[in-house]
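Worksheet for the structure shown next.
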Amino acid sequence: MNNRKIIKGYKTLIPSSSNVDSSIDTLKDGIIYTLYSYKFNSLKVGFAENDKVLEKKISSNALILLDKKKGNKKDLFLIKTTLEELGIKYSDNLYLKYSSSLMRHLSTLGWPIGRSLYKQRKIKKELLCA
């Protein structure tokens with residue numbers, strides 16, 4: 001006969017050390033945005049506390065606002081992490097090399113990108129009746 005013992009129990013979760021700042025600051029509402037630079041053909045994704053801060057960023061760097069929406073810093077952290085996992089590289093201050101695949105990924109992930117540079121493909125299906 002087998003002398004196997006069945007051990008019943010519960011596994012405990014071990015907290016991981018992630019880069020997420022768990023303070024209340026990450027949940028503070030603000031604006032998540034996408035800016036475009038014609039000069040460098042690049043995108044900048046980011047977070048601003050309010051419209052005045054965003055306007056200052058746009059005017060100081062000669063960037064064009066593609067789109068914006070309400071969000072928080074956690075949204076920015078999630079998009080950075082996801083893009084990194086998809087193999088998309090970005091610089092220290094979140095500049096990304098423009099590509100149609102990057103725009104498609106950002107659109108799929110729900111990041112505000114506007115419609116000026118990326119037009120979503122509409123798939124039309126026709127049903128043929130015999």
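The figures that follow rest on heavy atoms only: side chains count, while hydrogens, waters and symmetry mates do not.
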Heavy atoms of Asn72 and Lys28 approach each other most closely as CB-O, 3.3 Å
Leu109 reachable from Tyr36 in the ILVMFWY side-chain graph, under 4.5 Å edges | yes
What do the steps show when you test Lys68 against Asp51 for side-chain contact (heavy atoms from CB on, under 4.5 Å), and what is the final call?
-> CA-CA 10 Å; Lys68 65 180 181 176; Asp51 284 325; 3.0 Å; yes
Return each pair, listed once, that meets side-chain hydrogen bond (donor to acceptor under 3.5 Å, both in side chains) where at least one residue sits in residues 77-90; pairs must be two or more places apart or across chains.
-> Glu84-Tyr90
Between atom NZ of Lys70 and atom CD1 of Ile31, what is the distance when rounded to the nearest 0.5 Å?
-> 9.5 Å
At what distance, to the nearest 0.5 angstrom, does OG of Ser42 lie from OH of Tyr95?
-> 6.5 Å
Taking all non-hydrogen atoms of both residues, which atom of Leu76 and which atom of Gly46 are closest, and how far apart?
-> CD1-CA, 3.8 Å
From Asp29 atom CG to Asp75 atom CG, the distance as rounded to the nearest 0.5 Å = 9.0 Å
Only pairs under 3.5 Å count here: list side-chain donor-acceptor contacts from residues 56-66, not counting sequence neighbours, and write none if there are none.
unit_1: Lys57; atom_1: NZ; unit_2: Tyr33; atom_2: OH; d: 3.3
unit_1: Lys57; atom_1: NZ; unit_2: Phe47; atom_2: O; d: 3.2
unit_1: Ser59; atom_1: OG; unit_2: Glu55; atom_2: O; d: 3.1
unit_1: Ser59; atom_1: OG; unit_2: Lys56; atom_2: O; d: 3.2
unit_1: Ser60; atom_1: OG; unit_2: Lys56; atom_2: O; d: 3.0
unit_1: Ser60; atom_1: OG; unit_2: Lys57; atom_2: O; d: 3.3

Kindly write out the residues that satisfy side-chain contact (heavy atoms from CB on, under 4.5 Å) with Leu102, not counting sequence neighbours, or none if the list is empty.
-> Leu43, Leu83, Ile88, Leu96, Ser99, Leu106
Would Tyr98 and Met103 satisfy side-chain contact (heavy atoms from CB on, under 4.5 Å), going step by step from the backbone distance to the final call?
-> CA-CA 8 Å; Tyr98 173 81; Met103 295 299 278; 3.3 Å; yes
d(Ile32 CD1, Lys69 NZ) to nearest 0.5 Å is 5.0 Å
